[in-house]
Amino acid sequence: MLDIRFIRENHSLVKEALRSRNCAIDILDLIQMEDNRKELQQAIDELRNKRNIISEEIGMMRKLQLKSDHSIEMAKDKTAEVKEVSDSLKSLEEKLKSAEEAIASVTMIIPNIPHATVPVGKDETSNVEIRKWGEPRQFDFQPLNHWDIAKSLDIIDFDRAAKISGARFAIMKGYGARLERALMNFMLDHNGGRGYKEIFPPILVNRQSMTGTGQLPKFAEELFRIADPEFYLVPTAEVPVTNIHAGEILKEEELPIYYTAYTPCFRREAGSYGKDTRGLIRQHQFNKVELVKFVKPEHSYDELETLTADAEDILRQLGLPYRVMLLCTGDIGFSAAKTYDIEVWLPGQTRYREISSCSNFEDFQARRAKIRFKRGDKKGTEFVHTLTGSGLAIGRTVAAIIENFQQKDGSIVIPEVLRAYMGIELIK
RNA sequence: GGAGAGGUGGCCGAGCGGUCGAAGGCAGCCGCCUGCUAAGCGGUUGUGGGGGUAAUACUCCACCCAGGGUUCGAAUCCCUGCCUCUCCGCCA
């Protein structure tokens, strides 16, 4: 959420930013609504002041001079007077409430303003490659897709998963399941070693949490919802973990806060029919280890770089070639001001695929979730900046390991760093 | 699931219809005092929004879990929801 005062004072900048993000919300209209709201608020404050004063007088009279007929008469007059004030207050308050709701319905679906360093562009073709690590391996045979290899090794079963759940689900079996678990542990250990505190959060969250991080109200069709009682399945650990500090005023010296969390993630994938229908790339349920930071505003862009580097290091440890893309204005997520996608090389598809997304949300989520901090002796509070990055998406990592480390005989070499977790060096 | 109790400031804890943003204590901060420390004395300390100012000062509104209601007036009364605790039942 953007600050309505910021929108008012920088409306041409905001307008331009929204245009670059392909968002067609009318800012001037919103500002007018806000002016109207403010007028109502001021009128209400005045009436309340009047009411408070008179009510206080009534209280005085009652208490001090109950016996005098004169003061009883006066109190009656006052009561009649203040009743009128109260009545007009009531109707104004109703107007204010609907004005506030109308404003919220707009501000809640306005995306974040992209950072100045974000390239302007319509879609993903304008994303910019920042760096590349590792050389895609040269095969002396035709590399296969991970689902074909997994099937012949009997470590992933998509057909039976479809039977028990439906499309876009997978059963991990034997060393496939073991690889999934090994990656979870490896990633959590890796991140823990880099200063991130391990969190295991709830996976069902309430509407407020989903609103705090920006999934609601705009992206309800992407979420799995439980109707009664109302809960949402998290699409990413970012939601419960960022909301850990919702509504809090942190002490300056508590910052920065680094968390890492494993959760399963649930996504409807509405509108992606026909995309990645085979394999582990796009599932309704997948595992992910997430990185979350709460930082002071002046550090958030440095923190984005180190966050991205932390996620990259996992791929380096695993020996998986990747590249880092800076997303353009048209491709960046709703809540983000700047995002780097890390894409891993998949020999079966002969292309790079997203395996991590690292974003600085600045104060966008903090304002929604009311995550603030108090700076030393300064009065007042400021919103923290929040960042998250995948470190990493586990299903896609499994796919990358299978495809990158496949052997001609159909076996898979386990990366060094995972061997202690796996207990073997080769899946065959 | 059944029966009770409760949610007040950084913390503990009073208040149960009017002068309560809220006693008292603790903690914190600023003075004073004091060989040092401890104790003592005085003052001070929440959040958001509006007006005002060069900035302060000053001032108004709101906030005692959340949302409604009663009332001239609600932390206090009523309703709903959420959460916590105790007992019984059930259960991984």
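Naming: A, B, ... by sequence-line order, numbering from 1 per chain. Since the model is a prediction, treat every value here as computed from it, not as a measurement. What's counted below: heavy atoms across the whole structure, side chains too, no hydrogens, waters or symmetry copies.
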Undergrad: Reading nucleotides 69-80 of chain B from the 5' end, what letters show protein touch, with B for base, S for backbone sugar-phosphate only, - for no heavy atom under 4.0 Å?
TA: -S-BS-------
Undergrad: Could you encode protein contacts along nucleotides 52-57 of chain B as a string, one character per nucleotide from 5' to 3', using B for base contact, S for sugar-phosphate-only contact and - for no contact, with a heavy-atom cut-off of under 4.0 Å?
TA: ----S-
Undergrad: What is the nucleic acid contact for A/K374, judged by heavy atoms within less than 4.0 Å: base, sugar-phosphate only, or nothing?
TA: sugar-phosphate
Undergrad: If B/rU19 has a Watson-Crick or G-U wobble mate with both distances under 3.5 Å, name it; if not, just say none.
TA: none
Undergrad: Determine which nucleotide pairs with B/rC11, using a 3.5 Å limit on both distances of a Watson-Crick or G-U wobble pair.
TA: B/rG25
Undergrad: Applying the Watson-Crick and G-U wobble criteria at under 3.5 Å, what pairs with B/rC36? Answer none if nothing qualifies.
TA: none
Undergrad: For A/E382 and B/rU47, give me the distance from atom CD to atom P, rounded to whole Å.
TA: 13 Å
Undergrad: Please report the distance separating the C1' of B/rU53 from the corresponding atom of B/rG15, rounded so that it comes out in whole Å.
TA: 38 Å
Undergrad: Using Watson-Crick or G-U wobble geometry with both distances below 3.5 Å, tell me the partner of B/rG31, or none.
TA: B/rC41
Undergrad: Sequence neighbours excluded, which residues qualify as salt bridge (Lys or Arg N to Asp or Glu O under 4.0 Å) partners of A/R160?
TA: A/D157
Undergrad: Identify, with sequence neighbours excluded, every residue that meets ring pair (Phe, Tyr, Trp, His ring centres under 6.0 Å) alongside A/F186.
TA: none
Undergrad: Taking the C1' atom in each of B/rA75 and B/rA23, what is the distance between them to the nearest angstrom?
TA: 14 Å
Undergrad: Please identify each residue that fulfils side-chain contact (heavy atoms from CB on, under 4.5 Å) with A/E416, with sequence neighbours left out.
TA: A/R419
Undergrad: Is the shortest side-chain N to carboxylate O distance from A/R375 to A/E298 below 4.0 Å?
TA: yes
Undergrad: Quantified in whole Å, what is the C1' atom distance between nucleotide B/rG48 and nucleotide B/rC64?
TA: 16 Å
Undergrad: Could you let me know what B/rU86 is paired to, Watson-Crick or G-U wobble, both distances under 3.5 Å, or none if it's on its own?
TA: B/rA3
Undergrad: 5'-most contact on RNA chain B: A/I53 or A/G380, nearest heavy atom basis?
TA: A/G380
Undergrad: Look for any protein N or O under 3.5 Å of an N or O in nucleotides 63-68 of chain B and output each such pair with its distance, or none.
TA:
none

Undergrad: Grab the CD1-P distance between A/I249 and B/rU45 for me, whole Å please.
TA: 17 Å
Undergrad: Is any side-chain N of the basic residue among A/R37 and A/E34 closer than 4.0 Å to the acidic one's carboxylate O?
TA: yes
Undergrad: Which nucleotide, in any strand shown, forms a Watson-Crick or G-U wobble pair with B/rG52, with both distances under 3.5 Å?
TA: none
Undergrad: How would you list, by chain and number, every residue that makes a ring pair (Phe, Tyr, Trp, His ring centres under 6.0 Å) with A/H284, sequence neighbours excluded?
TA: A/F169, A/F224
Undergrad: Taking CZ from A/R207 and C1' from B/rG81, how many angstroms apart are they, rounded to a whole number?
TA: 14 Å
Undergrad: Determine, for A/D276 against A/R168, whether the closest basic-nitrogen to carboxylate-oxygen distance falls under 4.0 angstrom.
TA: no
Undergrad: Rounded to whole angstrom units, what separation is found between the CG atom of A/L40 and the P atom of B/rC61?
TA: 18 Å
Undergrad: Quick one, A/Y259 with A/H245, criterion ring pair (Phe, Tyr, Trp, His ring centres under 6.0 Å). Give me CA distance, side-chain angles, the key distance, then yes/no.
TA: CA-CA 12 Å; A/Y259 291 138; A/H245 295 296; 5.7 Å; yes
Undergrad: Between B/rG69 and B/rA74, how many Å separate the two P atoms, rounded to a whole number?
TA: 12 Å
Undergrad: Distances under 3.5 Å between protein N/O atoms and the N/O atoms of nucleotides 49-51 of chain B, please, pair by pair.
TA:
residue, atom, partner, partner atom, Å
B/rG49, OP1, A/R5, NH2, 2.9
B/rG50, O2', A/Q42, NE2, 3.3

Undergrad: Only counting residues at least two apart or in another chain, list the ones meeting salt bridge (Lys or Arg N to Asp or Glu O under 4.0 Å) with A/D310.
TA: A/R194
Undergrad: Distance-only check: which donor-acceptor pairs under 3.5 Å involve side-chain atoms of residues 325-336 of chain A, not counting sequence neighbours?
TA:
residue, atom, partner, partner atom, Å
A/T329, OG1, A/S20, O, 3.0
A/T329, OG1, A/G121, N, 3.0
A/T329, OG1, A/G121, O, 3.2
A/D331, OD2, A/N127, ND2, 2.9
A/S335, OG, A/T213, O, 3.2

Undergrad: Using a strict threshold of under 4.0 Å (side-chain N to carboxylate O), is an ion pair present between A/K90 and A/E93?
TA: no
Undergrad: Taking atom C1' in both B/rU44 and B/rG10, what distance in whole Å separates the two?
TA: 15 Å
Undergrad: Between B/rG2 and B/rC11, how far apart are the C1' atoms? Round to whole Å, please.
TA: 35 Å
Undergrad: Now, which nucleotide makes the Watson-Crick or G-U wobble pair with B/rU80, with each of the two distances under 3.5 Å?
TA: B/rA66
Undergrad: Give the table of side-chain donor-acceptor pairs shorter than 3.5 Å for residues 420-428 of chain A, with sequence neighbours excluded, one pair per line with atom names and distance.
TA:
residue, atom, partner, partner atom, Å
A/Y421, OH, A/D189, OD2, 2.6

Undergrad: Would you measure the distance from the P atom in B/rG67 across to the matching atom in B/rG25 and give it in whole Å?
TA: 32 Å
Undergrad: Looking at A/R51 and A/E56, is any side-chain nitrogen of the basic one under 4.0 Å from a carboxylate oxygen of the acidic one?
TA: no
Undergrad: With A/F361, which residues qualify under ring pair (Phe, Tyr, Trp, His ring centres under 6.0 Å), at least two apart?
TA: none
Undergrad: How long is the line joining CZ of A/F373 and C1' of B/rG46, in whole Å?
TA: 18 Å
Undergrad: For A/E46 and B/rA62, give me the distance from atom CD to atom P, rounded to whole Å.
TA: 13 Å
Undergrad: Answer yes or no: is there an ion pair linking A/R268 with A/E222, defined by an N-O contact shorter than 4.0 Å?
TA: no
Undergrad: Strictly by Watson-Crick or wobble contacts shorter than 3.5 Å, is anything paired with B/rA75, and which nucleotide is it?
TA: none
Undergrad: Can you measure A/I371 atom CD1 to B/rU47 atom C1' for me and round it to whole angstrom units?
TA: 16 Å
Undergrad: Indicate yes or no: does A/R207 engage A/E230 in a salt bridge with an N to O separation below 4.0 Å.
TA: yes
Undergrad: Round to a whole Å and report the spacing from CG of A/D228 to P of B/rG81.
TA: 13 Å
Undergrad: I'd like the C1' distance from B/rG9 over to B/rG24, given in whole Å.
TA: 13 Å
Undergrad: Whether A/N49 contacts B/rC61 is assessed here as follows: a side-chain N or O lying under 4.0 Å from the phosphate OP1 or OP2. Is that the case?
TA: yes
